[in-house]
There are 2 protein chains.
Amino acid sequence: MPKRARQAGNAVTILDVARHAGVSPMTASRVINDNPNVGEAMRERVLASVKTLGYRPNLAGRSLRTSSTARIGVLYSNPSAAYLNQFMLGILEQSSLSGSQVLIEKCSGIRSQRAATQRLLDAGVDGVILPPPLCDSAQTLQELDERQIPTIAVATGAPQEGVGSVRIDDYQGARAMTRYLLDLGHRDIGFIKGDPKHTPSALRAAAFFDTMAEAGIQVPAEHVAQGMFTYRSGLAAAAELLKRKRRPTAIFSSNDDMAAATMAVAHGMGLRVPEELTVVGFDDTPVATTVWPELTTIHQPVTAMGRTAVTLMLEEIRRNRSGRPKAQVHQVMKYTLVKRQSSAPPAR
Amino acid sequence: MPKRARQAGNAVTILDVARHAGVSPMTASRVINDNPNVGEAMRERVLASVKTLGYRPNLAGRSLRTSSTARIGVLYSNPSAAYLNQFMLGILEQSSLSGSQVLIEKCSGIRSQRAATQRLLDAGVDGVILPPPLCDSAQTLQELDERQIPTIAVATGAPQEGVGSVRIDDYQGARAMTRYLLDLGHRDIGFIKGDPKHTPSALRAAAFFDTMAEAGIQVPAEHVAQGMFTYRSGLAAAAELLKRKRRPTAIFSSNDDMAAATMAVAHGMGLRVPEELTVVGFDDTPVATTVWPELTTIHQPVTAMGRTAVTLMLEEIRRNRSGRPKAQVHQVMKYTLVKRQSSAPPAR
DNA sequence: CTGAAAGCGCTTACAG
DNA sequence: CTGAAAGCGCTTACAG
């Protein structure tokens, strides 16, 4: 067989190193992996060959043999399509970078949730990431805990004992937004609450009331409406707030979908935004830049949160495999107050 | 120690799939890699087994064997955030599955476009995918062509010579939607055109007018408005159409953002949708299911189009590497007419 | 301390 | 259209 010269891409292998150093591939491998059971003379010869040949281990070969590809499950129920897209983008980016694999399962009811979890476990996942609203499902969390599966809850308002989490500080975010409205000069500020089943809802509302109280403002009941985070519920809530006798000059909606609905209602009543009514949201989902005027809102780095969830998960899995104890990392990401065209000082 | 069926990390391999499907590992491999040389029956059996067992290829094994990681560039300018998220999801899913790398570059003006292309080339990409609206940029296409880089244009209305494409049939989609409105009983149908710089705009408009003409209806000029695909332009266009003396009973908007704006305007005029006005869109982006009532629209399988773009690109790269001639595949994906709550027969 | 053998999961190249 | 064989680069498990 004709000897082939080394082509581009035809890289130096551990066999080349071994041959060059005059040792077996095993000895070369041991040296490269810092295994202590190697004589000093051999070690030096191998290291010299590594350097001369410019050897870099092929990670595919190594990981194939050690088979340490992590499998990460993502279990979701029914978040908004926009949110999930952004989130999965981060998950896939990071998993592709780290060479880990991602399995995605969707569930609707509680029964299907059980089945979906089972499918993930059958597929051999090493850990499960839970985007909202599943991040707060007591049932799901308990089931994963019983099976000792490392779990990371994303965007929960109430990080649990024994489960890692990635989130923003909803309280501080809502506080910053309320302060911003106060600084613009607004005093009559309406608030649309989010779905009470989602843990961030209470935090956002509490921050609003606390910050208003600190400014010496008692928020009248007629300035508060209950929403469910959907556009439809936002239509009803905004109509309620805007029909009241004492109309607010600004409305702080607990998420962007409801804020978009609020703008539609205001528009319908002939109110110009932001000249006659300031409308702000929370989350900075794609709808915030779809509507016009574009929404002032609190940006959640959803894609980055996906990346971080994978990173934390990988650390936890490694810890798990090497028998070290759980770490339960809680990563709090930075939110940003994004000022766009839907907010302005009150008319006077 | 109790025997566990499948331990965490003890994953399903292609051998398991082959055994389960009763075929050789090679056939399983072919199906998984979309190799066309497989009988339909075998393909289906293997795909079923893949699904049942939850098989995901081990990238280490694959890349060890193929040892040729393809690099795919994605160059985009300013599509809507929602669209890009959906699209990138498909890109990353498929690239992760195939073990290829994805490099993403954003550009704004023409100058930055040149620089972005250069960065991709410097990074050694084997091909470039162009989502809209760059898919139609003569400048970008020419520059890539000059450098002989395999290119795939996504969602273009005018597939070019020498460039692969992934798209839906915009003409047929708009035709199907127009027929649907006619079948509901609408005769006075308004139409909002899209940005004339985007190639699908003309196709969607032509299909509308042709189909109306076939039904014996001459669309009056006052029933047509020009939009730019943005929500804002939709607000203006809808206001225009709805203020005319002879008000249409239905409005077909060239995309969802403008349809959402149309609903907001209708809502503002006290018109109930769909009882007093039917509103339909095109694309099925996340906003279609955010607004209320949810939009009847033409679904574009954006995520699947991302996956397909990667698959085609990989084939082209392989062809390129093995010295075979260019193939210039044009893949037309299936659209779906999704009926939701924004459409109904005209009131009478 | 050192090495020969085997195999991780996958796909190329060949044969039918 | 389908499959048996071989091997990508590395390291585990065993034997000396």
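Without hydrogens or angle criteria, A:Thr151 side chain to A:Ile149 main chain gives a donor-acceptor distance under 3.5 Å. A donor-acceptor pair is defined here as one N or O able to donate and one able to accept, closer than 3.5 Å; such a pair exists between the side chain of A:Arg45 and the backbone of A:Ala21. Formation of a donor-acceptor pair under 3.5 Å by the A:Thr52 side chain with backbone atoms of A:Val50 is not found in this model.
At whole-Å resolution of the value, CG in A:Asp16 and P in D:dC10 are 9 Å apart. To the nearest angstrom, P of D:dC10 lies 9 Å from CG of B:Leu64.
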>> Apply side chain to side chain contact (heavy atoms under 4.5 Å, CB included) to residues A:Val163 and A:Ile152 and explain how you reach the verdict.
In response: CA-CA 6 Å; A:Val163 176; A:Ile152 289 181; 5.8 Å; no
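In this view, B:Arg147 satisfies the salt bridge (charged side-chain N to carboxylate O under 4.0 Å, His left out) rule with no residue, not counting sequence neighbours.
B:Ser29 has a side-chain polar atom (N or O) that falls below the 4.0 Å cut-off from OP1 or OP2 of C:dT11.
With pairs defined as Watson-Crick or G-U wobble and both atom distances under 3.5 Å, the stems of at least three pairs that touch DNA chain D come out as C:1-3 with D:14-16, C:5-12 with D:5-12, C:14-16 with D:1-3.
Remark: B:Lys106 NZ to B:Leu134 CG distance equals 11.5 Å, nearest 0.5 Å. Taken to the nearest 0.5 Å, the SG atom of B:Cys135 stands 15.5 Å off from the OH atom of B:Tyr76.
For the residue pair A:His20 / A:Ser49, a side-chain donor-acceptor distance below 3.5 Å is found, with atom types taken as modelled.
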Polar atom pairs (N or O), protein with nucleotides 2-6 of chain C, under 3.5 Å:
unit_1, atom_1, unit_2, atom_2, d
C:dT2, OP2, A:Gly39, N, 2.5
C:dG3, OP2, A:Ser24, N, 3.2
C:dG3, OP2, A:Ser24, OG, 3.1
C:dG3, OP2, A:Thr27, OG1, 2.5
C:dG3, N7, A:Arg30, NH1, 3.2
C:dG3, O6, A:Arg30, NH2, 2.6

